[in-house]
Amino acid sequence: MAEQSQAYTLYHPAVQRWIYQRGWDRLRDAQERAAELIITGERDVIIASATANGKTEAALLPICSVLAHKQDLGVGAGVAVLYVSPLKALINDQYDRICDLAGALDLVVHRWHGDAPAAGKARVLRTPAGLLLITPESLEALLVRHPDRIRRIFGGLRYVVVDELHSFAGTERGAQLQALLHRVEAAAARRIPRVALSATLGDYAGAAEFLRPRHGSQVAVVASTEPGGEIRLQVRGYLQPAAPAVPEKEPADRAAIADHLFQTLRGTDNLVFANSRAAVEVYADMLTQRAVRSGLPATFLAHHGSLAKEVREHVEQRLKDSATPVTAICTSTLELGLDVGTVDSVAQIGAPPSVAGLRQRLGRSGRRPGRPAVLRVYVAEPELTAGLSPTDALRAELFQAVAMIELLIASWYEAPDTAGLHLSTLIQQVLSATVQHGGATAAQLFDLLCARGPFHRVDRPTFAAVLRDLGRHELLEQQPGGLLLPGREGERLLAHYSFYASFRTSMDYRLVADGYTLGSLPVDRPILPGTFLIFGGARWRVISVDSAQRVIELTAAEAGRPPVFPGTGGEVADEVRRAMHRLYRSTAVPRYLDATARTMLAEGRAGFHAYGHATSRIFAQQAETVLFPWRGDRIMNTLAVVLATHGLTVGQDGLAITVGNCSPTQLRELIRKLAAGPAPEPDALAATVRAKVHDKYDRYLSEEVLNRAYAARALDVPGAWATLVELTGA
DNA sequence: GACCTGCTGCGGCCTG
C-alpha cells in the first residue's frame, strides 16, 4: 500500500501497522485526501462522504498519528482529542471502534454521557488524557460543574472532532455546540483545529461557516468523489377512498400499502420510515396483524422517540443480528448513523420531510458490496371526485415526493439555516459562562459570546436588551462594581440538571404494562381508563391513570387506536417548492413511477393546467380567494403575516395561502400596491405576530427582543417582496 | 400535519 498511498506514508508506524493488521488493501478517497490537511492542523476540515465510507478513520488515523508522535516525544498532558457526538448510542458504537485503534497506540479513550459509567468521568477529572467522546450536554455540565479543572483538562487539547455535523448546523443545539467549543478554546487560549464529519451536506459554505463562525472561508472541505452505489428507486401510488373510512376498519390505501410492505419485506431486514409516531404505530399494528394471520413470528417492530430505551434497544439489537430478519417501522430515530447493521431496503411512506433526511434514510440501505440501495416511496392521494378545488386537483404529496427525489438525484440538499439569532441558547450560555468564570461583566460576556464568539449576529443593543430582560427576571444580578452573577431564578435553573440541554421537553406520562415501562406519551387531553391504545406496535387497554405520578397502566387488549401525539410542523425549503412548480410544467415522466403513480402525475399536471395554474396564481375558491406563491414555507409565512397586517383573514393550506374576506381582484390590487412600495422592517412585521415564544428560554425575553428573534427565524422579507413582484404578473 | 436529541448528585439498598 505504501507505494500507492501518500496518506499511508504520513501515518505513524504504529498506525500503519494497525492498518496492515486489518488487511486493508487501500485507503478510501476521503482518508487519502484528509490526512495531510489534518496532520498539519493549519486548517479546519470538513469530511463529507457517504455513510460507511470510513469517515471516522479519515479523521482519526491522522489525528492518532500526531498523538503517537507526541507520545514518542514524551509531550502532552490533558485531553488531546475532544470528540463531540449528537447521540449517546453513537458514542457507544464509536467507543468500541476507537478503543481498538487507540489501544494499539497506547492512547486512552473515555466516553462521557448521561449513561456512561461514573468511574471513567472521575478518571477524566483526575488524570485527563487521550480521547474524550462526549455529548454537548455533558460538555456543558463539565464546564459548569468543574470550572477549576477546565484549563487542566483542555489546556493541551490538539483536536476537536464533530460527528454528524449536519444534525447540529442551524439548530439551537448547534449554537450551543459552537459556544462550547469557543469556550474550550478560550480556556486553552489558542485556536484548536476542528474536524467535522457528515454524509449529507448540500451547502459546504454554510457548513464551513457553522464549523468556524466568521471564518468559514478558511475551512477545507474534503468531499469524497467515490461514486455512490447503485440506487433502485420506486414510487408507488395508492388511492384514498373518497368516503370517510369506518373507524375500526383499515382505510383501503393504508391496507394496500401494508399488504405490499408485508409481501415484499417479510423475511428480510428493512427500515420503514413513516414520518410520524402515530403512523409508525398504525403500520406496525397492521403489519403485525398480517404476520399473525399468516402464522408468522412478529418481525415488524415499532421504533420511535416515545418508546422506552429498552424497547428501542431490543429492536436495534434484532436489526444488528443478521440471523433473524426484522423490519423496523420508525420515525427519524433510525435516520442517523446508528450501527444497526445493514438493511436490504428502505421504505418511505408519504413525501419525506426533507431531501437531506431522504438521503440519510437511503444511506441505511445498500451498504453491502455489490448490492444496490433500494428505496420504495409509498404515496396515497385522494380519489378524484366532482367539485374539486384548485388545491385538491394538484396531487401535491406525489409532486413533493418526486420533486425531492429529483433534487436528491441532483445531489441537492437543504442548506443549514444560519439566519437565526438563537437567543434562547444565548441566555443559557450567558448563565453558564457566568458560573464558569465566577462572575463576568457585560462587556466580557459580549466579547466572549458575541463579538468574538458564535453569536456574532447579535449586536450590542440586542445583547444589552437581553441582559436587561435577564436582570428583570432575576436570572442575573449585578454587583456594585458591574460584575454579573446568577440571580435567584438563575440559580434555580442552574441547580437542575435540565439546564444542560438547549432544548425543552414536555412532561410525559409513563406507559406501564405488567410493571414494564413501554415508553412515554405526551398527553394534552386527559386519557380515561378503558381507552384502547396502540403503542409499541401492540394493542392495549388503559386500566388506570395516575396524574400525580404521571403513570398510565395498561393491559393487553384485542382492539386499539393509535395515540395522538402533539407536534409542530416542519419547514419545506424554497427550492423544493420551485422544483415542484417545474415538475407541474414539465412533461417528463420519471421511470421510477409505478402505473398508479404515473396516472397520478398525469392527473396532477392535468389539474394544474385545467384550473389555470400555468397562467395564474390567484383563484376564487368558493367564498375564499386562494394564492399560490410556489415558494418555501418561510416566504409563505412572511406573505401570510403581511396580508394579515392589511386586515385580511389569512390561512395556510399546504401550497396555498387562503384569504377569507377579499376577492381575487382586490387581492391582485393589494399585491400590486405592496410590491410597488418599500418592504417593511422585519422587526416591525414580527411585532404584528402573536405567538412568538418558541425555544426553551424565550419566555424571559421582552417583546422587542422576541420580535428580532422571530424576524430572524421565521421571516424572509426580501424573499417575500421578490415573490410579490412576481405575483403582480399573476 | 412532522421528528429528534440530552442532563447531576446523592441517598438508599444490595452484594462480596
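Here is the naming used below: chain letters follow the sequence lines, and residue numbers restart at 1 for every chain.
- What separates CD of A:Glu164 from P of B:dC3 is a distance of 21 Å, to the nearest Å.
- Separation of atoms CG (A:Leu533) and CG (A:Leu521) is listed at 6.5 Å; rounding is to 0.5 Å.
- Listed by chain and number, the residues in a salt bridge (Lys or Arg N to Asp or Glu O under 4.0 Å) with A:Lys692 are A:Glu703 (sequence neighbours excluded).
- The phosphate of B:dC7 has neither OP1 nor OP2 within less than 4.0 Å of any side-chain N or O from A:Arg504.
- Looking at heavy-atom distances under 4.0 Å, A:Arg361 makes no contact with the nucleic acid at all.
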**Asked** With the sugar-phosphate defined as primed atoms, P, OP1 and OP2, and the base as all remaining atoms, what B/S/- string results for nucleotides 8-16 of chain B, 5' to 3', for protein heavy atoms under 4.0 Å?
**Response** BS-------
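- Across all strands shown, A:Gly654 has heavy atoms under 4.0 Å from base atoms, whether or not it also approaches the sugar-phosphate.
- A:Thr638 meets the side-chain hydrogen bond (donor to acceptor under 3.5 Å, both in side chains) test with no other residue; sequence neighbours excluded.
- Contact between the side-chain N/O atoms of A:Thr331 and the OP1/OP2 oxygens of B:dC4 is found at a separation under 4.0 Å.
- Ring stacking holds between A:Phe503 and B:dT5, with the centres under 5.5 Å apart and the planes within 30 degrees of each other.
- Taking side-chain N and O atoms only, A:Ser502 has no distance below 4.0 Å to OP1 or OP2 of B:dG6.
- Sorted by first then second residue, the salt bridge (Lys or Arg N to Asp or Glu O under 4.0 Å) pairs that include residues 494-504 of chain A, not counting sequence neighbours, number zero.
- Contacts of A:Arg152 classified as side chain to side chain contact (heavy atoms under 4.5 Å, CB included), with partners at least two apart in sequence or in another chain: A:Pro128.
- As rounded to whole Å, 18 Å separates atom P of B:dG1 from atom CE of A:Met636.
- For the residue pair A:Thr333/A:His304, the side-chain donor-acceptor check at 3.5 Å is not satisfied.
- Residues forming a side chain to side chain contact (heavy atoms under 4.5 Å, CB included) with A:Asp417 (at least two apart in sequence, or on another chain): A:Ala419, A:Arg634.
- The residue A:Thr333 sits close only to the backbone: its heavy atoms come under 4.0 Å of sugar-phosphate atoms, none of a base.
- Every residue meeting the side chain to side chain contact (heavy atoms under 4.5 Å, CB included) condition with A:Ala187, not counting sequence neighbours, appears here in chain and number order: A:Ile150.
- Between the P atom of B:dC7 and the CG atom of A:Leu177 lies a distance of 14 Å, rounded to the nearest Å.
- Phosphate contact (OP1/OP2 of B:dC4, side-chain N/O of A:Arg277, threshold under 4.0 Å): present.
- To the nearest angstrom, P of B:dC4 lies 15 Å from CG of A:Leu271.
- Interface remark: the A:Thr505 side chain does form a donor-acceptor pair with the B:dG6 base, using a distance-only criterion of under 3.5 Å.
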Could you list the donor-acceptor pairs under 3.5 angstrom formed by side chains in residues 85-92 of chain A, with sequence neighbours left out?
from    : atom 1 : to       : atom 2 : distance (Å)
A:Lys88 : NZ     : A:Asp115 : OD2    : 2.9
A:Asn92 : OD1    : A:Arg111 : NH1    : 2.9
A:Asn92 : OD1    : A:His113 : NE2    : 2.9

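- At whole-Å resolution of the value, CG in A:Leu336 and P in B:dT5 are 9 Å apart.
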**Message:** Set out, in order, the CA-CA distance, both residues' side-chain angles and the distance that settles side-chain hydrogen bond (donor to acceptor under 3.5 Å, both in side chains) for A:Arg173 and A:Gln176, then state yes or no.
**Reply:** CA-CA 5 Å; A:Arg173 211 175 174 209; A:Gln176 179 187 21; 5.3 Å; no
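- Residue A:Pro86 is classed as a sugar-phosphate contact, given heavy-atom separations below 4.0 Å to backbone atoms only.
- Atom-to-atom, CZ of A:Phe168 to P of B:dT5 comes out at 13 Å; the value is rounded to the nearest Å.
- If you take CG of A:Asp695 and P of B:dC4, they are 18 Å apart, rounded to a whole angstrom.
- Taking a 4.0 Å limit (strictly below) on heavy-atom distances, residues 87-97 of chain A reaches DNA chain B at A:Leu87, A:Lys88.
- Distance CG (A:Asn637) to C1' (B:dG1): 16 Å, rounded to an integer number of Å.
- Where A:Phe499 and A:Ser332 each meet DNA chain B at their nearest nucleotide, the meeting point lying more 5' is that of A:Ser332.
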